[in-house]
Amino acid sequence: MATVASPKVYKNYINGEWVEGSGGKAIEDRNPANRDELVGMFPSSTEADVNLAVDAAKEAFKSWRLVPAPKRAEILYRTAEILVSRKEDYARDMTREMGKVLAETRGDVQEAIDMTYLMAGEGRRQFGQTTPSELPNKFAMAVRSPIGVAALVTPWNFPMAIPSWKIAPALVMGNTVVLKPAEDTPYSSYNFVQVLAEAGLPRGVVNIVNGTGPDAGAPLVHHRDTQLVSFTGSTEVGRIISEACAPTFKKCHLEMGGKNIIIVMDDANLDLALDGVLWGAFGTSGQRCTAASRVAVQKKVYREFTARLAERAKALRVGDGLDPETDMGPTINEQQLQTVIKYVEIGKNEGAKLTTGGHRLDSGAYSRGWFHEPTVFVDVDPNMRIAQEEIFGPVVSAIPFDTFEQALEIANGVVYGLSSSLYTRNVNNAFRALRDLETGIVYINAPTIGAETHLPFGGIKNTGNGHRESGLAALDFYSEWKSLYIDYSDKLQRAQIDNAE
Ligand code: UN1
């Protein structure tokens with residue numbers, strides 16, 4: 001008789017223990033390349049679980065903030081080292097729950113390793129400022145100070161990297177954390193936090209509450225004892241979170257949508273640009289905030305370039321990310337796939353020309369997953385919805401243009417501002433683009449994806465709310481400046497008054 005292996009049941013992590021969710025309900029973590037495969041069951045938590053986790057983090061903050069930062073950092077170094085030793089296993093786990101190909105999930109784990117090492121280094125830096133006082137016998141300086149409990153809400157597309165972008169700087173600066181990972185990809189967050197625990201993180205410093213946005217994310221963001229909120233996801237949800245933080249002035253970092261462009265000038269190395277567009281548009285099945293979803297091509301090379309793009313896109317092998325032959329994996333779930341299908345319809349109705357793709361893949365083994373063909377629209381007008389709205393799938397819109405100035409106008413003519421790219425051999429245009437493209441990240445002769453962990457990451461306009469993560473910028477979000485004055489004159493010295501002459 002055939003037996004069905006029972007799925008592995010995972011728990012929340014609260015105050016150093018793996019505990020069941022209080023509601024008794026569970027969420028399935030399924031493989032998007034094969035929905036018959038259940039990766040695990042995770043709690044569908046409620047406000048009661050969130051309260052326990054925030055209480056634990058609040059209590060742990062009392063002592064964690066006093067642990068010397070270099071000692072906090074040692075735990076991060078150990079974490080990074082364990083991650084290095086398990087990189088392959090964690091990449092495979094991630095491909096099973098998220099779908100992207102192994103090369104990319106290895107990159108995701110690597111990004112978590114890079115960020116953890118980077119922030120560990122900040123244990124012995126996080127430099128402040130010392131400055132002369134305006135008064136004699138008085139010392140003045142400003143130091144970075146921890147804030148409290150950080151509520152972190154993370155997306156499914158970078159299920160280990162993005163939690164690490166938030167957790168590592170939060171910890172090294174002395175904050176404690178409650179993480180609500182995306183319900184589609186909780187296993188990679190589980191792996192990351194499991195390693196932090198093994199590396200010796202004291203109880204309560206990081207907690208995980210699994211569940212949906214409305215049931216677990218909302219009470220976490222609203223909780224009176226969470227002082228910091230960091231969210232990566234859609235602009236729509238970002239707006240709700242921003243509003244939830246406003247009444248109590250919570251420090252809130254939002255990383256939201258994008259409509260990133262690659263501009264190809266006729267003087268560019270076209271082979272290089274083609275490789276860049278394919279990687280930027282179809283890497284991670286287009287499911288990156290940084291994905292290239294528009295490609296503007298100068299008219300002289302437009303026909304040739306778009307024809308070659310369609311040919312190359314058509315040749316991409318779509319399949320299970322664990323198969324080394326696969327170039328592009330599935331989309332994350334049925335809902336995301338339906339969004340892609342909807343936008344293909346919108347594009348066709350708007351009069352854009354579909355040159356390859358445009359269909360769900362559902363024959364044979366594809367029928368068990370959420371696959372979509374790599375899709376190229378050409379002759380797209382920059383004002384069409386497919387050229388304005390975030391799709392988050394394997395769809396790229398090609399837009400012809402005449403002059404460099406027009407290309408900049410097209411590039412900047414969207415509500416988002418995360419990433420942009422220019423392919424050219426003209427150094428003057430390259431520098432003008434670096435100055436004039438209205439995005440938080442600009443690439444020259446490289447696609448819109450591929451940010452490194454030690455530079456600020458984030459966008460302007462409807463992509464962000466003025467904060468950055470990664471690099472030194474992350475320290476600014478996860479700490480407050482505290483200015484300190486020490487008067488050793490033994491008398492009252494009045495600033496702005498006693499220094500008058
Ligand atoms: C995201 O798309 O949400 O620059 C993050 C990149 C990656 C990070 C992407 N390093 O594409």
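Atoms within each ligand, like the ligands themselves, are counted from 1 in listed order.
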Item checked: Sub-3.5 Å N/O-N/O distance, Thr232 and ligand 1 -> no
Check: Can you tell which of Trp156, Phe158, Tyr443 gets a heavy atom nearest to atom 5 (C) of ligand 1?
Finding: Phe158
Check: To which of Cys289, Gly258, Ala451 does the heavy atom nearest atom 4 (O) of ligand 1 belong?
Finding: Ala451
Item checked: Identity and distance of the protein heavy atom lying nearest atom 6 (C) of ligand 1 -> Gly450 N, 3.2 Å
Next item on the list: Determine, for Lys348 against Glu345, whether the closest basic-nitrogen to carboxylate-oxygen distance falls under 4.0 angstrom.
Entry: yes
Margin query: Whether Glu243 and Arg239 form a salt bridge (side-chain N of Lys/Arg under 4.0 Å from carboxylate O of Asp/Glu) is what I want to check.
Written below: no
Next item on the list: Of all the heavy-atom pairs spanning Leu76 and Thr116, show the shortest one and how long it is.
Entry: O-CG2, 3.2 Å
Any side-chain donor paired with an acceptor under 3.5 Å for [X] and [Y]?
X      : Y      : result
Glu334 : Trp370 : yes
Gln388 : Lys259 : no
Thr284 : Lys100 : no
Tyr343 : Glu389 : yes

Next item on the list: Within a distance under 4.0 Å of any heavy atom of Trp165, pick out the atoms of ligand 1 and give their elements.
Entry: 5 (C), 8 (C)
Next item on the list: Mark up the atoms of ligand 1 that fall under 4.0 Å of a heavy atom belonging to Arg288, in ascending order.
Entry: 2 (O), 6 (C), 7 (C), 11 (O)
Checklist line | Contact partition for Asn157 relative to ligand 1, non-hydrogen atoms under 4.0 Å | finding: side chain
Next item on the list: Measure Glu111 to ligand 1 on non-hydrogen atoms and call it side chain, backbone, both or neither using the 4.0 Å cut-off.
Entry: side chain
Next item on the list: Please state whether Ile162 comes within less than 4.0 angstrom of ligand 1, counting heavy atoms only.
Entry: yes
